[in-house]
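Written out below as structure tokens is the structure these notes cover.
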Amino acid sequence: MKKAFITGITGQDGSWLAKYLIQKNYKVYGGMRRTSTVNLWRLDFLDIRNKVELVEFDLLDYSNVFNTIKTLRPDEFYNLAAQSFVGTSFKQPISTSMIDGMGVAYILDALHTIAPETKFYQASTSEMYGKVRDIPQKESTPFHPRSPYGCAKVYAHWMTVNYRESYDMFATSGILFNHESELRGPEFVTRKITINVAGWKMGKKEPLELGNLDSERDWGYAKEYVEGMHLMLQADKPDTFVLATGQKTKIRTFAEKAFHAIDRGIVWEGSGEDEKGYDAKTRELLVKINPKFYRPAEVDLLIGDASKAKEVLGWSYKTGIEELTQIMVKSDINLLA
Ligand code: NDP
Ligand code: GDP
């Protein structure tokens with residue numbers, strides 16, 4: 001039985017990956033940091049809480065990182081732990097840099113010292129492209145991060161490449177474009193929208209407050225992206241791979257699709273901070289702007305080219321934006337029912 005260790009097991013991708021690896025007959029260990037309130041709702045949602053072995057793990061504690069690796073000696077190590085929210089990274093740039101950047105150096109150093117045969121996956125991100133230099137973005141596109149989160153992830157990506165090149169370690173970096181699901185954190189814009197839309201469906205009529213409606217993202221389904229992570233560690237050699245759909249959608253279009261899923265149309269009126277979205281039939285106020293959700297520096301457009309993953313790994317996305325929106329809205333309605 002192969003052993004996998006997943007950091008960030010309580011997060012969106014950690015839980016989907018754990019479920020996937022359990023189905024593949026792996027022994028799955030999950031790193032979980034001590035919090036004052038236990039946070040296992042995603043593992044419960046997927047009904048796998050008792051099928052993973054949870055171990056105390058905090059990326060910021062080198063002795064904890066070292067001893068966990070020494071004790072478990074996993075065949076595959078998936079580093080999914082991060083302060084993953086761009087907005088928060090502007091408010092907490094130092095802790096974000098420590099977790100998302102330095103934390104990865106801790107893991108790589110510990111693996112190099114005591115378990116160099118372990119295959120390592122680093123959760124890199126399209127946010128590294130930031131102010132994009134190519135459209136679409138691929139593995140060779142230069143980085144220009146636009147947030148402390150993006151900067152820390154660039155450091156972690158290059159450390160992964162550096163350990164691969166310096167020590168011949170199987171260290172792979174997956175540059176994943178945004179991927180969402182029923183388990184997405186509620187602070188991310190897609191889930192924030194689908195939770196609000198579910199509220200409208202169930203009679204809780206609160207206008208949705210958003211920031212920039214015109215940025216564009218390449219959104220895929222997280223459940224499929226974790227399969228790509230696993231494929232990357234089964235490849236002949238360590239490398240860097242982009243996972244994306246190659247389709248882009250504006251925030252306002254995602255909101256329209258989500259309201260459409262409960263049979264409401266939006267008409268937009270006004271501009272800038274005064275723009276508002278009304279129900280096309282009832283004229284109820286559905287969406288308004290709250291500038292507090294604007295970011296100090298924005299990433300206007302992300303759209304990825306995943307042809308290398310298709311060619312080398314045989315991976316490509318299946319669920320498009322329409323279906324993804326339906327899945328998320330339906331799930332949030334069920335959670336409220
Ligand atoms: P989540 O925010 O849902 O999960 C992050 C996880 O990291 C949580 O389990 C969290 O634990 C854990 N964590 C945070 N800090 C620490 C720490 N100091 N020590 C140990 N664990 C910690 O993120 P996702 O699942 O969406 O993303 C997974 C990874 O992929 C992240 O690295 C993210 O940056 C990256 N990524 C995500 C994309 C996406 O669209 N989802 C796109 C590209 C990259 P706790 O529950 O205690 O907070
Ligand atoms: P990100 O791509 O990792 O930053 O994912 P998010 O879901 O947090 O943000 C995606 C885009 O939506 C960014 O361009 C945000 O500026 C934009 N956005 C607009 N309104 C909101 C909002 O209310 N919350 C969030 N999280 N993002 C918003």
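Order of appearance sets the numbers: ligands from 1, and atoms from 1 within every ligand.
- With a 4.0 Å cut-off on non-hydrogen atoms, Phe85 does not touch ligand 1 at all.
- Between Phe77 and Phe120, the ring planes lie tilted relative to each other; the angle falls in the 30° to 60° range.
- The protein heavy-atom contact nearest to atom 25 (O) of ligand 1 is Asp13 N, 2.8 Å.
- Under the 6.0 Å distance and 45° angle rule, Arg191 does not count as a cation-pi partner of Phe254.
- Val197 and Leu335 fall within a single hydrophobic cluster, where Ile, Leu, Val, Met, Phe, Trp and Tyr are joined by side-chain heavy atoms under 4.5 Å apart, directly or via other members.
- Atom numbering of ligand 1 starts at 1 in the shown order; those under 4.0 Å from a heavy atom of Ala123 are 29 (C), 30 (O), 32 (O), 35 (C).
- The shortest N or O to N or O distance between Leu59 and ligand 1 is under 3.5 Å.
- Each of the following atoms of ligand 1 lies closer than 4.0 Å to a heavy atom of Tyr149: 33 (C), 34 (O), 35 (C), 36 (N), 44 (C).
- Here Met32 has no heavy atoms under 4.0 Å from ligand 1, in either its backbone or its side chain.
- Ranking protein heavy atoms by distance to atom 18 (N) of ligand 1, first place goes to Asp58 OD1, 3.0 Å.
- Ordered by chain and residue number, the residues placing a heavy atom less than 4.0 Å from ligand 2 are Phe85, Val86, Glu127, Asn178, Glu187, Phe188, Val189, Lys192, Glu209, Leu210, Gly211, Asn212, Ser215, Arg217, Ile251, Phe293, Arg295, Glu298.
- With a 4.0 Å cut-off on non-hydrogen atoms, Thr125 touches ligand 1 through its backbone as well as its side chain.
- Residue Ser84 approaches ligand 1 through these ligand atoms, each under 4.0 Å from one of its heavy atoms: 1 (P), 2 (O), 23 (O), 33 (C), 34 (O).
- In terms of protein heavy-atom proximity, atom 3 (O) of ligand 1 is nearest to Gln12 N, 3.0 Å.
- Taking all heavy atoms of Ser181, Gly8, Ala244, Gly220 into account, the minimum distance to atom 12 (C) of ligand 1 is reached by Gly8.
- Among protein heavy atoms, atom 4 (O) of ligand 1 sits closest to Gly11 CA, 3.3 Å.
- Within the structure, ligand 1 lacks Tyr225 among the residues with a heavy atom less than 4.0 angstrom away.
- Both the sub-6.0 Å distance and the 45° axial angle are satisfied by Arg283 relative to the ring of Tyr278.
- Glu56 has no carboxylate O lying under 4.0 Å from a charged side-chain N of Arg33, or vice versa, which leaves the two without a salt bridge.
- Of all the atoms in ligand 1, the ones that sit under 4.0 Å from a non-hydrogen atom of Phe57 are 20 (C).
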>> Using side-chain hydrogen bond (donor to acceptor under 3.5 Å, both in side chains), reason through Gln247 and Trp219 one step at a time and then give a plain yes or no.
In response: CA-CA 8 Å; Gln247 311 292 320; Trp219 281 303; over 6 Å; no

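- Using 4.0 Å as the threshold, Ser124 has a heavy atom nearer than that to some atom of ligand 1.
- Atom CG of Asp168 has 12 or fewer heavy atoms from other residues, nucleotides or ligands within 6.0 Å.
- When atom types are taken as modelled, the side chain of Thr7 and the backbone of Leu80 share a donor-acceptor pair closer than 3.5 angstrom.
- Closest to atom 29 (C) of ligand 1, if we only count protein heavy atoms, is Leu80 O, 3.2 Å.
- Residue-ligand proximity: Asn178 is placed with a non-hydrogen atom under 4.0 Å from ligand 1.
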>> Show, in sequence, the C-alpha distance, side-chain angles and deciding distance for Gln12 and Ser181, and conclude whether the side-chain hydrogen bond (donor to acceptor under 3.5 Å, both in side chains) test is met.
In response: CA-CA 8 Å; Gln12 169 185 256; Ser181 74; 2.9 Å; yes

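- Using the six-membered ring where Trp is involved, Tyr121 and Tyr78 have ring planes that are tilted, between 30° and 60° apart.
- Inclusion of Ile99 in the set of residues having an N or O under 3.5 Å from an N or O of ligand 1 is not warranted.
- For ligand 1, the atoms lying closer than 4.0 Å to a non-hydrogen atom of Arg184 are 26 (O), 39 (C), 40 (O), 41 (N).
- Between Tyr62 and Phe66, the angle of the ring planes lies from 30° to 60°, which puts this pair in the tilted group.
- Relative ring orientation between Tyr221 and Trp16 is described as perpendicular, the plane-to-plane angle rising above 60° on a 0-90° scale split at 30° and 60°.
- For Lys138 against Tyr129, the heavy-atom pair with the smallest separation is O-OH, 2.8 Å.
- Residues Lys119 and Asp75 are not paired through a salt bridge, judged by the lack of any N-O separation under 4.0 Å between the basic side chain and the carboxylate.
- Remark: minimum distance from atom 37 (C) of ligand 1 to any protein heavy atom is reached at His179 CE1, 3.9 Å.
- Each of Thr245, Val242, Thr125, Leu243 was evaluated against Phe177; a single residue qualifies, Val242, per the side-chain contact (heavy atoms from CB on, under 4.5 Å) test.
- Judged by the shortest distance from any of its heavy atoms, Lys153 lies inside the 4.0 Å radius around the atoms of ligand 1.
- Formation of a donor-acceptor pair under 3.5 Å by the Lys205 side chain with backbone atoms of Lys201 is not found in this model.
- Of the protein's non-hydrogen atoms, the one nearest atom 22 (C) of ligand 1 is Ala81 CB, 3.6 Å.
- With ligand atoms numbered from 1 in the order given, ligand 1 contributes 45 (P), 46 (O) to contacts under 4.0 Å with heavy atoms of Asn39.
- Protein heavy atom closest to atom 10 (C) of ligand 1, with residue, atom name and distance, is Thr10 OG1, 4.0 Å.
- Although no hydrogens or angles enter the test, the distance criterion places a donor-acceptor pair under 3.5 Å between the side chain of Asp279 and the main chain of Thr282.
- The proximity of Arg33 to ligand 1, defined as any non-hydrogen pair under 4.0 Å, is limited to the side chain.
- Of the listed options Gly31, Ala82, Ser89, Ser95, Ala82 places a heavy atom closest to atom 7 (O) of ligand 1.
- Annotation: cation-pi pair Lys153/Tyr155 absent, no NZ/CZ under 6.0 Å from the ring centroid and within 45° of its normal.
- Using a distance-only test at 3.5 Å, with no hydrogens or angles considered, no donor-acceptor pair links the side chain of Arg133 to the main chain of Pro142.
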